[in-house]
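Throughout, a chain's letter reflects where its sequence line sits, starting with A, and its residues are numbered from 1. A quick note: this is a predicted structure, and the numbers were derived from the prediction, not measured.
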Amino acid sequence: MPELPEVEVVRRTLEPHLVGASVERVEVRAPALREPLDADAFERHAAGRRVAAVRRRAKYLLVDLETADAPATTLVLHLGMSGRITVRAAGDGEPLPHEHLVVHLAGGRRLSFRDPRRFGQAFVLPTADLDTDSHFAHLGIEPLADEGESALDGAHLRRAAVGRRGPVKPFLMDSTVVVGVGNIYASEALWEAGVHPKRTVRRIAAARWERLAEKVREVLARAIAEGGTTLNDFTDGEGNAGYFQVSLAVYGREGEACPRCGEAVRRVVQAGRSTFYCVGCQR
DNA sequence: CGTAGACCCTGCGCGC
DNA sequence: TGCGCGCAGGGTCTAC
(Lines give C-alpha, C1' and ligand atoms only; values in the text may rest on other atoms or scores of the structure.)
Protein backbone atom coordinates (compact mmCIF):
# COMPACT_ATOMS: atom_id res chain seq x y z
CA MET A 1 0.00 0.00 0.00
CA PRO A 2 2.39 2.65 1.04
CA GLU A 3 5.10 4.23 -1.01
CA LEU A 4 6.64 7.54 -0.11
CA PRO A 5 3.52 9.62 -0.88
CA GLU A 6 1.27 7.47 1.28
CA VAL A 7 3.69 7.62 4.22
CA GLU A 8 3.99 11.37 3.82
CA VAL A 9 0.19 11.73 3.76
CA VAL A 10 -0.02 9.70 6.97
CA ARG A 11 2.72 11.82 8.52
CA ARG A 12 0.94 15.07 7.70
CA THR A 13 -2.39 13.89 9.08
CA LEU A 14 -0.84 12.49 12.27
CA GLU A 15 1.35 15.49 13.02
CA PRO A 16 -1.32 17.82 14.46
CA HIS A 17 -2.73 15.01 16.61
CA LEU A 18 0.62 13.92 18.02
CA VAL A 19 2.96 16.86 18.46
CA GLY A 20 2.87 17.92 22.10
CA ALA A 21 1.00 14.81 23.22
CA SER A 22 2.36 12.70 26.07
CA VAL A 23 2.88 8.96 25.74
CA GLU A 24 1.52 7.25 28.82
CA ARG A 25 2.38 3.71 27.82
CA VAL A 26 2.98 1.55 24.79
CA GLU A 27 0.97 -1.62 24.56
CA VAL A 28 2.32 -4.50 22.49
CA ARG A 29 -0.79 -6.44 21.54
CA ALA A 30 0.74 -8.81 18.95
CA PRO A 31 4.53 -8.87 18.83
CA ALA A 32 4.87 -11.08 15.76
CA LEU A 33 6.16 -8.88 12.97
CA ARG A 34 9.14 -9.82 10.83
CA GLU A 35 11.26 -8.19 13.53
CA PRO A 36 9.38 -9.04 16.76
CA LEU A 37 8.20 -6.04 18.77
CA ASP A 38 10.29 -5.35 21.88
CA ALA A 39 7.92 -4.39 24.69
CA ASP A 40 10.79 -3.67 27.11
CA ALA A 41 12.41 -1.21 24.72
CA PHE A 42 9.12 0.65 24.24
CA GLU A 43 8.67 0.84 28.00
CA ARG A 44 12.19 2.15 28.56
CA HIS A 45 12.51 4.52 25.59
CA ALA A 46 8.97 5.67 24.79
CA ALA A 47 6.74 5.61 27.86
CA GLY A 48 6.48 8.85 29.80
CA ARG A 49 7.80 11.02 26.96
CA ARG A 50 6.33 13.85 24.93
CA VAL A 51 6.08 13.89 21.13
CA ALA A 52 8.43 16.58 19.82
CA ALA A 53 8.00 16.01 16.09
CA VAL A 54 6.65 13.62 13.46
CA ARG A 55 9.09 13.17 10.59
CA ARG A 56 9.65 10.84 7.66
CA ARG A 57 12.76 9.24 6.20
CA ALA A 58 12.22 7.12 3.08
CA LYS A 59 9.11 5.07 3.91
CA TYR A 60 9.77 5.18 7.65
CA LEU A 61 7.63 7.32 9.93
CA LEU A 62 9.67 8.86 12.75
CA VAL A 63 8.03 9.98 15.97
CA ASP A 64 10.56 11.97 18.01
CA LEU A 65 10.12 11.70 21.77
CA GLU A 66 11.64 13.90 24.44
CA THR A 67 11.86 14.03 28.20
CA ALA A 68 13.64 16.34 30.60
CA ASP A 69 16.11 13.87 32.04
CA ALA A 70 17.29 11.67 29.14
CA PRO A 71 18.47 11.95 25.55
CA ALA A 72 15.81 12.11 22.82
CA THR A 73 14.45 8.88 21.33
CA THR A 74 12.57 8.08 18.14
CA LEU A 75 9.70 5.67 17.62
CA VAL A 76 10.14 4.22 14.12
CA LEU A 77 7.14 2.83 12.23
CA HIS A 78 7.14 1.20 8.79
CA LEU A 79 3.91 0.21 7.07
CA GLY A 80 5.31 -2.61 4.97
CA MET A 81 2.70 -3.66 2.41
CA SER A 82 -0.44 -3.61 4.48
CA GLY A 83 0.22 -1.46 7.55
CA ARG A 84 -2.13 1.23 8.79
CA ILE A 85 -1.59 3.85 11.45
CA THR A 86 -4.51 5.81 12.80
CA VAL A 87 -5.37 7.96 15.79
CA ARG A 88 -8.32 6.62 17.73
CA ALA A 89 -10.46 8.83 19.90
CA ALA A 90 -10.78 8.37 23.65
CA GLY A 91 -13.44 5.80 24.50
CA ASP A 92 -13.19 4.03 21.16
CA GLY A 93 -11.90 0.96 22.88
CA GLU A 94 -12.61 -2.07 20.73
CA PRO A 95 -9.40 -3.89 19.78
CA LEU A 96 -9.00 -3.81 16.01
CA PRO A 97 -8.09 -6.80 13.82
CA HIS A 98 -4.32 -7.25 13.42
CA GLU A 99 -3.62 -4.46 15.88
CA HIS A 100 0.03 -4.97 16.85
CA LEU A 101 0.86 -1.82 18.74
CA VAL A 102 -1.19 0.74 20.66
CA VAL A 103 0.43 3.94 21.87
CA HIS A 104 -1.69 5.31 24.70
CA LEU A 105 -1.65 9.10 24.89
CA ALA A 106 -2.58 11.29 27.83
CA GLY A 107 -6.29 12.05 27.68
CA GLY A 108 -7.28 8.65 26.32
CA ARG A 109 -6.52 8.96 22.61
CA ARG A 110 -4.44 6.20 21.08
CA LEU A 111 -2.17 5.68 18.13
CA SER A 112 -3.03 2.34 16.55
CA PHE A 113 -0.70 0.31 14.33
CA ARG A 114 -2.31 -2.51 12.35
CA ASP A 115 -0.66 -4.80 9.82
CA PRO A 116 -2.33 -8.00 8.52
CA ARG A 117 0.59 -9.17 6.42
CA ARG A 118 3.17 -8.35 9.11
CA PHE A 119 5.78 -6.93 6.78
CA GLY A 120 5.80 -3.69 8.76
CA GLN A 121 8.15 -2.66 11.53
CA ALA A 122 8.01 -0.83 14.84
CA PHE A 123 10.98 -0.12 17.09
CA VAL A 124 12.43 2.64 19.23
CA LEU A 125 15.99 3.87 19.50
CA PRO A 126 17.99 6.93 20.60
CA THR A 127 17.52 9.67 18.02
CA ALA A 128 21.29 10.11 17.86
CA ASP A 129 21.64 6.53 16.58
CA LEU A 130 19.21 6.89 13.65
CA ASP A 131 21.76 7.56 10.93
CA THR A 132 23.95 4.62 11.87
CA ASP A 133 21.12 2.16 12.49
CA SER A 134 21.12 -0.65 9.94
CA HIS A 135 17.66 0.32 8.68
CA PHE A 136 18.86 3.78 7.68
CA ALA A 137 22.61 3.63 7.13
CA HIS A 138 22.45 2.65 3.45
CA LEU A 139 19.49 4.71 2.33
CA GLY A 140 19.87 6.94 -0.70
CA ILE A 141 18.66 10.50 -1.16
CA GLU A 142 15.18 11.85 -0.54
CA PRO A 143 13.56 12.50 -3.93
CA LEU A 144 11.68 15.57 -2.72
CA ALA A 145 14.56 17.20 -0.84
CA ASP A 146 15.17 20.86 -1.64
CA GLU A 147 17.60 21.84 -4.37
CA GLY A 148 21.18 21.34 -3.33
CA GLU A 149 23.90 18.78 -2.99
CA SER A 150 21.58 15.88 -2.24
CA ALA A 151 18.65 16.75 -4.49
CA LEU A 152 17.34 14.20 -6.96
CA ASP A 153 18.44 15.29 -10.41
CA GLY A 154 19.67 13.68 -13.59
CA ALA A 155 23.29 13.89 -12.50
CA HIS A 156 22.56 11.93 -9.33
CA LEU A 157 20.88 9.10 -11.24
CA ARG A 158 23.59 9.08 -13.90
CA ARG A 159 26.36 8.86 -11.31
CA ALA A 160 24.53 6.13 -9.39
CA ALA A 161 24.21 4.10 -12.60
CA VAL A 162 27.95 4.08 -13.31
CA GLY A 163 29.30 0.53 -13.16
CA ARG A 164 25.84 -0.97 -12.99
CA ARG A 165 23.85 -3.01 -15.44
CA GLY A 166 20.29 -4.19 -15.51
CA PRO A 167 16.99 -2.53 -16.36
CA VAL A 168 16.06 0.95 -15.23
CA LYS A 169 12.85 0.07 -13.40
CA PRO A 170 14.40 -1.99 -10.59
CA PHE A 171 17.19 0.61 -10.50
CA LEU A 172 14.65 3.34 -9.73
CA MET A 173 13.29 1.20 -6.89
CA ASP A 174 16.75 0.63 -5.38
CA SER A 175 16.62 2.45 -2.04
CA THR A 176 20.39 2.92 -1.96
CA VAL A 177 20.01 5.14 -5.04
CA VAL A 178 16.88 7.10 -4.18
CA VAL A 179 14.32 6.27 -1.50
CA GLY A 180 10.56 6.08 -1.61
CA VAL A 181 10.00 5.07 -5.23
CA GLY A 182 7.91 1.91 -5.01
CA ASN A 183 6.28 -0.32 -7.56
CA ILE A 184 3.41 1.97 -8.51
CA TYR A 185 5.29 5.22 -8.93
CA ALA A 186 8.26 3.62 -10.68
CA SER A 187 5.93 2.49 -13.49
CA GLU A 188 4.17 5.86 -13.53
CA ALA A 189 7.38 7.93 -13.63
CA LEU A 190 8.82 5.82 -16.46
CA TRP A 191 5.63 6.27 -18.44
CA GLU A 192 5.64 10.03 -17.83
CA ALA A 193 9.27 10.22 -18.95
CA GLY A 194 8.74 7.99 -22.00
CA VAL A 195 11.42 5.55 -20.87
CA HIS A 196 10.97 1.79 -21.41
CA PRO A 197 11.17 -0.07 -18.07
CA LYS A 198 13.48 -2.72 -19.53
CA ARG A 199 16.00 -0.23 -20.90
CA THR A 200 19.46 -0.89 -19.49
CA VAL A 201 20.78 1.85 -17.24
CA ARG A 202 23.98 1.86 -19.33
CA ARG A 203 22.04 3.09 -22.35
CA ILE A 204 20.37 6.13 -20.88
CA ALA A 205 21.80 9.51 -21.86
CA ALA A 206 22.10 12.53 -19.58
CA ALA A 207 19.03 14.29 -20.95
CA ARG A 208 16.83 11.27 -20.27
CA TRP A 209 18.18 10.90 -16.74
CA GLU A 210 17.25 14.51 -16.20
CA ARG A 211 13.74 13.97 -17.51
CA LEU A 212 13.32 10.84 -15.43
CA ALA A 213 14.45 12.57 -12.23
CA GLU A 214 12.01 15.37 -12.93
CA LYS A 215 9.12 12.96 -13.53
CA VAL A 216 9.86 10.96 -10.37
CA ARG A 217 9.64 14.13 -8.29
CA GLU A 218 6.55 15.30 -10.15
CA VAL A 219 4.64 12.01 -9.78
CA LEU A 220 5.44 11.72 -6.07
CA ALA A 221 4.50 15.34 -5.38
CA ARG A 222 1.21 14.99 -7.24
CA ALA A 223 0.34 11.82 -5.36
CA ILE A 224 0.92 13.57 -2.04
CA ALA A 225 -1.24 16.49 -3.14
CA GLU A 226 -4.07 14.10 -3.98
CA GLY A 227 -3.88 12.31 -0.66
CA GLY A 228 -2.07 9.18 -1.83
CA THR A 229 -3.07 6.19 -3.92
CA THR A 230 -5.80 3.92 -2.62
CA LEU A 231 -5.92 0.54 -4.34
CA ASN A 232 -7.58 -1.55 -1.69
CA ASP A 233 -7.29 -0.12 1.72
CA PHE A 234 -4.93 2.83 2.08
CA THR A 235 -6.11 5.50 4.46
CA ASP A 236 -4.41 8.48 6.05
CA GLY A 237 -3.93 8.90 9.78
CA GLU A 238 -7.53 9.98 10.18
CA GLY A 239 -8.95 7.06 8.20
CA ASN A 240 -9.64 8.91 4.92
CA ALA A 241 -8.97 7.35 1.51
CA GLY A 242 -6.66 8.87 -1.11
CA TYR A 243 -7.62 9.78 -4.65
CA PHE A 244 -4.48 9.38 -6.75
CA GLN A 245 -5.57 6.02 -8.18
CA VAL A 246 -7.80 7.83 -10.66
CA SER A 247 -4.67 9.58 -11.95
CA LEU A 248 -2.66 6.41 -12.53
CA ALA A 249 -1.82 6.23 -16.23
CA VAL A 250 -0.57 2.66 -16.52
CA TYR A 251 -0.29 0.95 -13.12
CA GLY A 252 -2.89 -1.81 -12.80
CA ARG A 253 -4.27 -1.02 -16.27
CA GLU A 254 -3.09 -3.98 -18.35
CA GLY A 255 -5.01 -4.07 -21.63
CA GLU A 256 -6.45 -0.58 -21.26
CA ALA A 257 -5.62 2.17 -23.74
CA CYS A 258 -2.55 4.29 -23.02
CA PRO A 259 -3.84 7.79 -22.21
CA ARG A 260 -1.17 9.29 -24.44
CA CYS A 261 -1.17 7.16 -27.59
CA GLY A 262 -4.00 4.64 -27.26
CA GLU A 263 -1.79 1.56 -27.46
CA ALA A 264 -2.77 -1.24 -25.05
CA VAL A 265 -0.93 -1.09 -21.72
CA ARG A 266 1.25 -4.14 -21.13
CA ARG A 267 2.33 -5.92 -17.97
CA VAL A 268 5.65 -7.69 -17.42
CA VAL A 269 7.35 -9.02 -14.30
CA GLN A 270 10.69 -7.51 -13.32
CA ALA A 271 12.56 -8.57 -10.19
CA GLY A 272 9.41 -10.34 -9.08
CA ARG A 273 7.22 -7.25 -9.35
CA SER A 274 4.63 -6.28 -11.95
CA THR A 275 5.62 -3.48 -14.30
CA PHE A 276 3.07 -1.67 -16.45
CA TYR A 277 4.11 0.28 -19.52
CA CYS A 278 3.20 1.34 -23.05
CA VAL A 279 5.21 0.08 -26.02
CA GLY A 280 3.81 2.94 -28.08
CA CYS A 281 5.44 5.76 -26.19
CA GLN A 282 8.15 4.31 -23.95
CA ARG A 283 11.55 3.69 -25.53
C1' DC B 1 30.36 -6.08 -6.03
C1' DG B 2 25.70 -6.39 -8.47
C1' DT B 3 21.81 -8.74 -9.69
C1' DA B 4 18.04 -12.32 -9.70
C1' DG B 5 15.12 -15.15 -7.09
C1' DA B 6 13.00 -16.93 -2.93
C1' DC B 7 10.80 -15.73 1.04
C1' DC B 8 8.30 -13.49 4.92
C1' DC B 9 2.49 -13.16 5.71
C1' DT B 10 -2.80 -12.44 5.16
C1' DG B 11 -6.66 -10.99 2.38
C1' DC B 12 -9.05 -10.11 -1.74
C1' DG B 13 -11.03 -10.76 -6.30
C1' DC B 14 -11.62 -13.69 -9.99
C1' DG B 15 -12.89 -17.86 -12.58
C1' DC B 16 -14.83 -22.18 -12.23
C1' DT C 1 -22.68 -20.23 -3.09
C1' DG C 2 -18.09 -21.97 -2.25
C1' DC C 3 -13.26 -22.90 -3.27
C1' DG C 4 -8.69 -22.64 -5.11
C1' DC C 5 -5.45 -19.72 -7.37
C1' DG C 6 -2.94 -15.70 -8.37
C1' DC C 7 -1.70 -11.55 -6.95
C1' DA C 8 -0.79 -7.42 -3.81
C1' DG C 9 1.84 -1.03 -2.20
C1' DG C 10 8.18 -3.69 0.85
C1' DG C 11 12.47 -5.28 2.20
C1' DT C 12 16.03 -8.72 3.22
C1' DC C 13 18.61 -12.77 2.54
C1' DT C 14 20.95 -16.26 -0.27
C1' DA C 15 22.98 -17.99 -4.36
C1' DC C 16 25.28 -17.05 -8.39
Side-chain angles (χ1 to χ4, degrees), chain A residues 1-11 30-37 56-61 76-85 96-100 113-123 133-140 143 159-190 197-202 216 219-220 222-224 226-236 241-255 267-276:
Chain A
M1 169 193 326
E3 300 185 28
L4 184 151
E6 288 71 41
V7 180
E8 178 61 21
V9 166
V10 171
R11 189 200 70 75
L33 294 183
R34 203 151 49 84
E35 296 173 30
L37 301 186
R56 179 190 56 74
R57 170 74 171 115
K59 297 169 188 166
Y60 293 91
L61 197 66
V76 181
L77 300 168
H78 194 293
L79 298 171
M81 292 276 256
S82 58
R84 282 204 219 192
I85 301 171
L96 298 169
H98 304 292
E99 196 169 39
H100 288 91
F113 177 81
R114 280 172 285 165
D115 185 7
R117 290 179 72 182
R118 302 193 230 150
F119 292 164
Q121 296 171 7
F123 56 94
D133 180 83
S134 64
H135 297 87
F136 300 94
H138 304 290
L139 292 180
R159 280 194 303 269
V162 170
R164 305 185 59 148
R165 41 190 72 237
V168 62
K169 195 256 194 170
F171 173 80
L172 273 188
M173 293 175 66
D174 183 338
S175 65
T176 66
V177 174
V178 55
V179 300
V181 185
N183 203 39
I184 295 178
Y185 301 116
S187 280
E188 292 297 308
L190 286 163
K198 288 185 175 174
R199 177 170 283 272
T200 314
V201 294
R202 307 170 78 167
V216 166
V219 164
L220 296 178
R222 242 176 55 227
I224 292 170
E226 294 183 30
T229 293
T230 301
L231 292 183
N232 290 317
D233 52 4
F234 170 72
T235 64
D236 67 21
Y243 294 96
F244 192 72
Q245 74 274 22
V246 301
S247 306
L248 296 176
V250 289
Y251 185 86
R253 298 191 185 280
E254 182 180 15
R267 170 183 174 273
V268 291
V269 175
Q270 293 180 284
R273 317 292 297 275
S274 288
T275 302
F276 298 87

Set of residues satisfying side chain to side chain contact (heavy atoms under 4.5 Å, CB included) with respect to [X], sequence neighbours excluded:
X	result
A:Ala122	A:Leu37, A:Phe42, A:Leu77, A:Leu101
A:Pro197	A:Lys169, A:Leu190, A:Gln270, A:Thr275, A:Tyr277, A:Gln282
A:Arg253	A:Leu248, A:Glu256
A:Ser247	A:Arg222, A:Glu226, A:Phe244

Exercise. What are the two closest heavy atoms between A:Leu33 and A:Gly120, and how far apart are they?
Worked result: CD1-O, 3.7 Å
Problem set entry | Which atom of A:Glu3 lies closest to which atom of A:Val181, heavy atoms considered | OE1-C, 3.9 Å
Exercise. Residues two or more places apart in sequence or in another chain: which of them pass ring pair (Phe, Tyr, Trp, His ring centres under 6.0 Å) with A:Tyr60?
Worked result: A:His78, A:Phe136
Please report, rounded to the nearest Å, how far the [atom2] atom of [N] is from the [atom1] atom of [X].
X	N	atom1	atom2	answer
A:Leu79	C:dG9	CG	C1'	10 Å
A:His78	C:dG9	NE2	P	14 Å
A:Leu77	C:dG9	CG	P	22 Å
A:Asp115	B:dC8	CG	P	16 Å
A:His100	B:dT10	NE2	C1'	10 Å
A:Phe136	C:dG11	CZ	C1'	13 Å
A:Arg84	B:dG11	CZ	P	12 Å
A:Arg253	C:dG9	CZ	P	15 Å

Exercise. Closest to the A:Asn183 side chain: C:dG9, C:dC7, B:dC9?
Worked result: C:dG9
Exercise. The side chain of A:Ile184 lies closest to which of these nucleotides: B:dG11, C:dG10, C:dG9?
Worked result: C:dG9
Exercise. Under the 3.5 Å rule, do the base of B:dC9 and the side chain of A:Arg118 count as making a donor-acceptor pair?
Worked result: no
Problem set entry | Side-chain donor/acceptor of A:Arg117 to base of C:dA8, under 3.5 Å | yes
Expected rows: protein N/O vs nucleotides 12-16 of chain C N/O, under 3.5 Å:
none

Think [X] has a side-chain N or O under 4.0 angstrom from the OP1 or OP2 of [N]?
X	N	result
A:His98	B:dG11	yes
A:Lys59	C:dG9	no
A:Ser82	C:dG10	no

With sequence neighbours excluded, what pairs up with [X] under the salt bridge (charged side-chain N to carboxylate O under 4.0 Å, His left out) test?
X	answer
A:Arg165	none
A:Glu99	A:Arg29, A:Arg88
A:Arg164	A:Asp174
A:Arg57	A:Glu142

Contacts under 3.5 Å, N or O only, protein and nucleotides 3-5 of chain B:
from, atom 1, to, atom 2, distance (Å)
B:dT3, OP1, A:Arg165, N, 2.9
B:dT3, OP1, A:Arg165, O, 2.5
B:dT3, OP2, A:Arg164, NE, 3.1
B:dT3, OP2, A:Arg164, NH2, 2.7

Exercise. P atom, B:dC9 versus C:dT14: distance in rounded Å?
Worked result: 16 Å
For this session: Grab the stems for DNA chain B, please: at least three consecutive Watson-Crick or wobble pairs, both distances below 3.5 Å, written as range with range.
Result: B:2-8 with C:10-16, B:10-16 with C:2-8
Exercise. How far does CG of A:Asn183 sit from OH of A:Tyr251, to the nearest 0.5 angstrom?
Worked result: 5.0 Å
